[in-house]
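Reckoned from all heavy atoms, side chains included, excluding hydrogens, waters and symmetry mates. Here is the naming used below: chain letters follow the sequence lines, and residue numbers restart at 1 for every chain.
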Amino acid sequence: MAAYDHEAIERHWQERWEADGLYRSTVDWEKPKHYALTMLPYPSGDLHMGHWYAMTPSDARARVMRMKGYNVLFPMGFDAFGLPAENAAVQRNVHPAKWTYENIDRMRHQLRSMGAMFDWEREAVSCEPSYYRWTEWFFKRMFERGIAYRGEAMVNWSPTLQTVLANEQVIDGRDERNGQPVVQKLMEQWFFAITKYADELLSYEGIDWPDAIKAMQNNWIGRSEGAEVTFRTEAGDEIVVFTTRPDTLWGATFMVLAPEHPLVDSITSSDRREVVDAYRVAAAARSELERMEDTKEKSGVFTGGYAVNPVNRERVPVWIADYVLLSYGTGAIMAVPAHDQRDFEFARQFELPIIPVIRPQGAAPPAEPEMEVAYVGPGEMVNSGPIDGIETTNAKGRANPSIAATIDWLEKAGAGREAINYRLRDWLISRQRYWGSPIPMLHRDDGNVEPVADEDLPVVLPEDVEFEGRSPLVTNEQFLAAVDSEGMPARRETDTMDTFMCSSWYWFRYLSPAFEQAPFDPDEAAYWLPVDVYTGGAEHAVMHLLYARFFVKAMRDMGVFEDTERVMREHGRDPSGLFDEPFVVLRNQGQILGEERAGDRLVVDGHRADELVVASSIRVDPAAGPEAGLVVGELIRRTENALQVQTEGGLVAVRVTEGATIDIPAIDGTNDVTQLKHHLDIERMSKSKGNTVNPDELVALYGADTVRTHLMFAFEWQKGGPWDSRGIVGSSRFIEDVWKLATSGYQPGTVSEEASSTLRRRVHQAIVKVDADMMDFKWNTAVAALMTLRNEMQDALRAANISPHVWVEARETLLKLLAPIAPHITEELWHATGYATSIHLEPWPEADANIAREDTVTMVVQVNGKVRDRIEVDAGISPKDAEATALASEKIAAWTEGNTVRKVIARPPKLVNIVVG
RNA sequence: GCCGGGGUGGCGAAAUUGGCAGACGCGAUGGACUCAAAAUCCAUUGGACCUUGGUCCGUGCGGGUUCAAGUCCCGCCCCCGGCACCA
């Protein structure tokens, strides 16, 4: 018997499958189709454990479906535009395209080593002009339908670099590269009107998605019913507020505007100007997340201005506070401190009046100044003029009598109207960057914008560019210069698109990546669409998955699927409802998290340049005191050559120049900046966090089959967890054992009928369990069931008392059930047994329920809920017999003696509980 | 802060959804084989107590419902993911 040589076997079969085109998927209307899709990776450089964890179970699932008789499409590609490529360009002087394509080459190679059944003929790469031509085309269609429009949004603005920074480039309100402050600034940009689809996105009809994902999307969309009410400043300007509780308008005692609200300037009185301006500057330095984070301590300032409450002509002071966000609602709120906890706390802190307008059922109205919390329950309206005495409930919107009455009153009085507000904001797709799909728009001399003509698509990114921080598109005259539809000079749009745009339609491009007449070939689409199973990380629960749903709905409404529908009808397939949602079944895996690690303690010398320290030398010294150098502390984060060091005085940004000396005593030879270890929390693996685990070494050591098996065995797939490489030997032993079992050349001794039928029963039980678990994405218990079968077969092999045909059935079933998880070794052993065709073309094993059934069961007998005996009983035992059997037990008698049996609960055949007392 | 998920042996985890807590593995301990080591095989392995057999305790913490709670309810603590320019 030859030893198991994983390296030779895996190489051989990967080459053979490729040569045979085993995984090529072609349209075949005679067979049922299955489109399996797993989220495409960003080409960050190396494939890490997280990719394997996400992809190999998806591959295994696709393989099971194939063995079940489906024609399976399982493609792969790269989401290739994005920020890391530009970081590399800015700081290492590598062109983003070069960096990206080199990474893709490496990752393609690594992906092949997984032994997955990807159909590489269908690969799509989003940064190729043949791909982004259609991303641009979709933008144009969106523009034509009024979905793409220009509007204003806040950006992280670096005044020193005169550029926009991504959220992850801002640490502690400062640019991570140069330590300079970052401010929030309004800028004109492109949006998609996803809010037009808000209501449709709240419905999940016809799709099987996890409840948690649906809940998160619902919360993200955040539909709320209420009213828009118009207040007027004393100067006569309108302030529109949205409120879900218009019925409490009579209790509104002040207003709060977002600090960026356009009316702040005009409403602020001269004596308050200085305070207000200072507050606005401070607010601009904080991100929305930071503003929402610390809500215990309210901050805000009075503008000195007043507005008039339209329901009672009361004069109310107007404040600004950063807990009111310009991007939510109208950026202004009316404050009813008596019945809203946040307003209540604000009022208490700044000593503003509180007027209760709801009397709780059968109680006196809350009295001032004794109130301790806002009253948010039901009751009856008081102090509220025309709606006095009307009941108020916990219902939302018009379903609440008091709200319905108020809306009617407001509409009649012309002071407001019923309104629905969404937390969901329109999708900001502009990025002030180079490495993204260009937005195919022209700015005409007359100030209008117009789209680039279809025949001029794609607008191609210029290759000859320099990177300093700002997008090179802004200064590239050759790129900028264009001619509009009337032959007049025009300038190109320099914003590029959010990469979520590229990943919102990629599974259509997989259908026909070389197709030139449209984004996808209708002949392919008619057969394969929609995606049957989509798998990917739960971190995409809201944004990517919501954008993808929006995109398909918009495509449907733009008529993009008309040809596809025609082809479907020609083949007798009914297209209705097939283009409302992109993914029929969605399952999320958890994440493989990186292990925790402390960062190196650095001693940095050099010189200060503004907020930044430019390093001339860096030494790693775990014992260094705080005075050992210019900057001393733990390395928290590193992006290329920009370091964040945690010193006693706070975070310090350090830039490592080319000539700087790096000294890491633990690593011999010349050290460089990439060898510095930065702090790692237990958190998701990603290249930018530097906590990835590379599977290549493990593949070299144990083989891809073992790595695949281990990833599926060691975690609950939907949950994930921190990576720990120790347990892999268990999976390795399992794979080795399968090799030994299948190559043992079983020779029976004295055959036992009982032992034979027991093994046969175990084999069929394994089929039931493995099949159910795999269909349900429970990979760890599927592998455990296969290991149990392995144990049974080892015992049988040793006893040599199994009839030969039972042994053969056991061996072949084990190989087939394992084939989706460990495709190479099972293929090798299948052929070694004498079969000439691939195991991956074999039909999936089917269990015989009669063979799988157990005749006897261990029945547990409890006394007062505690297990006191176990009795072997017939599996079909009646409740009466079960009870009698339990009461007849001697062990039970010892516990019931001297006590009255009050009750017997029989749940045959598993359990009987006797209650005594 | 808001939304979602989670917390079970020394470790990764199971538990047919209210019915034997710890399947399947890792690690550890003892033994076999070996000159020896590795590999392999056998046994034990949640904790405490006593006599072999058993008793009591045990699923983040505190309460509750139930014949029966890891599972359901109420209140708390901690960890992870997302929060709109990382993808």
Side-chain angles (χ1 to χ4, degrees), chain A residues 39-42 44 79 81-84 87 153-156 164-170 189 210-213 215-220 222 288-296 323 327 423-433 498-500 503 537-544 546-547 588 590-591 593 681-684 686-689 710 713-716 718-722 724 726-731 733-734 736 769 772 778 780-781 783-788 790-791 798 858-867 870 902-905 907 910-917:
Chain A
M39 289 179 188
L40 83 178
Y42 176 77
S44 52
D79 184 18
F81 277 132
L83 189 63
N87 282 338
M154 287 286 179
V155 294
N156 300 310
V164 176
L165 299 176
N167 287 340
E168 77 158 13
Q169 295 176 309
V170 181
Q189 310 184 68
D211 288 338
I213 303 292
M216 277 191 268
Q217 295 209 347
N218 286 343
N219 289 327
W220 185 265
E288 286 190 5
L289 193 57
E290 287 168 335
R291 285 205 207 174
M292 289 182 290
E293 239 157 31
D294 190 30
T295 48
K296 280 172 203 140
Y323 76 92
S327 53
R423 204 186 75 95
L424 179 71
R425 318 204 287 248
D426 277 343
W427 177 10
L428 170 65
I429 61 139
S430 275
R431 298 292 181 268
Q432 292 72 33
R433 299 192 208 299
D498 180 5
T499 56
F500 274 125
S503 58
E539 69 273 22
H540 294 291
V542 179
M543 302 182 67
H544 163 60
L546 194 68
Y547 295 148
N588 291 112
Q591 296 179 42
L593 306 175
D681 284 322
I682 293 181
E683 60 183 349
R684 54 183 282 232
S686 82
K687 185 74 188 298
S688 64
K689 286 172 183 153
H710 184 59
F713 176 62
F715 300 88
E716 185 188 343
Q718 327 244 356
K719 194 170 123 199
D724 169 42
R726 278 187 318 191
I728 195 168
V729 287
S731 302
R733 281 176 199 152
F734 169 61
E736 293 269 0
K769 176 80 176 145
K778 291 180 170 176
N780 53 346
T781 49
V783 175
L786 290 171
M787 286 177 168
T788 306
R790 175 261 320 250
N791 294 344
R798 224 166 282 132
T858 305
M859 184 174 79
V860 166
V861 185
Q862 299 179 333
V863 176
N864 287 344
K866 298 205 168 179
V867 181
R870 292 184 170 85
R902 299 197 183 276
K903 200 173 177 182
V904 179
I905 292 123
R907 293 281 180 278
K910 281 190 169 167
L911 174 134
V912 172
N913 188 11
I914 298 161
V915 185
V916 302

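In this model, the phosphate group of B:U40 is approached by a side-chain N or O of A:Arg733 to a distance below 4.0 Å at OP1 or OP2. Residue A:Arg790 places none of its side-chain N or O atoms closer than 4.0 Å to OP1 or OP2 of B:C24. A:Asn791 has a side-chain polar atom (N or O) that falls below the 4.0 Å cut-off from OP1 or OP2 of B:G25. Between A:Asn219 and the phosphate of B:C2, there is no side-chain N or O to OP1/OP2 separation shorter than 4.0 Å. Contact check, A:Lys769 against B:A14: no side-chain N or O comes under 4.0 Å of OP1 or OP2.
Residue A:Ser430 is in base contact, counting any heavy-atom pair closer than 4.0 Å across all strands shown. Residue contacts shown for A:Leu424 include a base, since a base heavy atom lies under 4.0 Å away. Using a 4.0 Å heavy-atom cutoff across all strands shown, A:Trp220 reaches at least one base atom of the nucleic acid. Contact annotation for A:Val904: no contact, since no heavy-atom pair falls under 4.0 Å across all strands.
Atom CG in A:Asn864 sits roughly 14 Å away from atom P in B:U55 (whole-Å rounding).
For A:Thr499, there are no side chain to side chain donor-acceptor pair (under 3.5 Å) partners, not counting sequence neighbours. Not counting sequence neighbours, the partners of A:Asn218 by the side chain to side chain contact (heavy atoms under 4.5 Å, CB included) test are A:Leu202, A:Tyr204.
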With both pairing distances under 3.5 angstrom for Watson-Crick or G-U wobble, and | for a partner in another strand, the correct string for RNA chain B is (((((((..(((......[....)))((((((.......))))))(((((..)))))..(((((..]....))))))))))))....
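Side-chain contact between A:Gln169 and A:Leu83 is present, with at least one heavy-atom pair separated by less than 4.5 Å.
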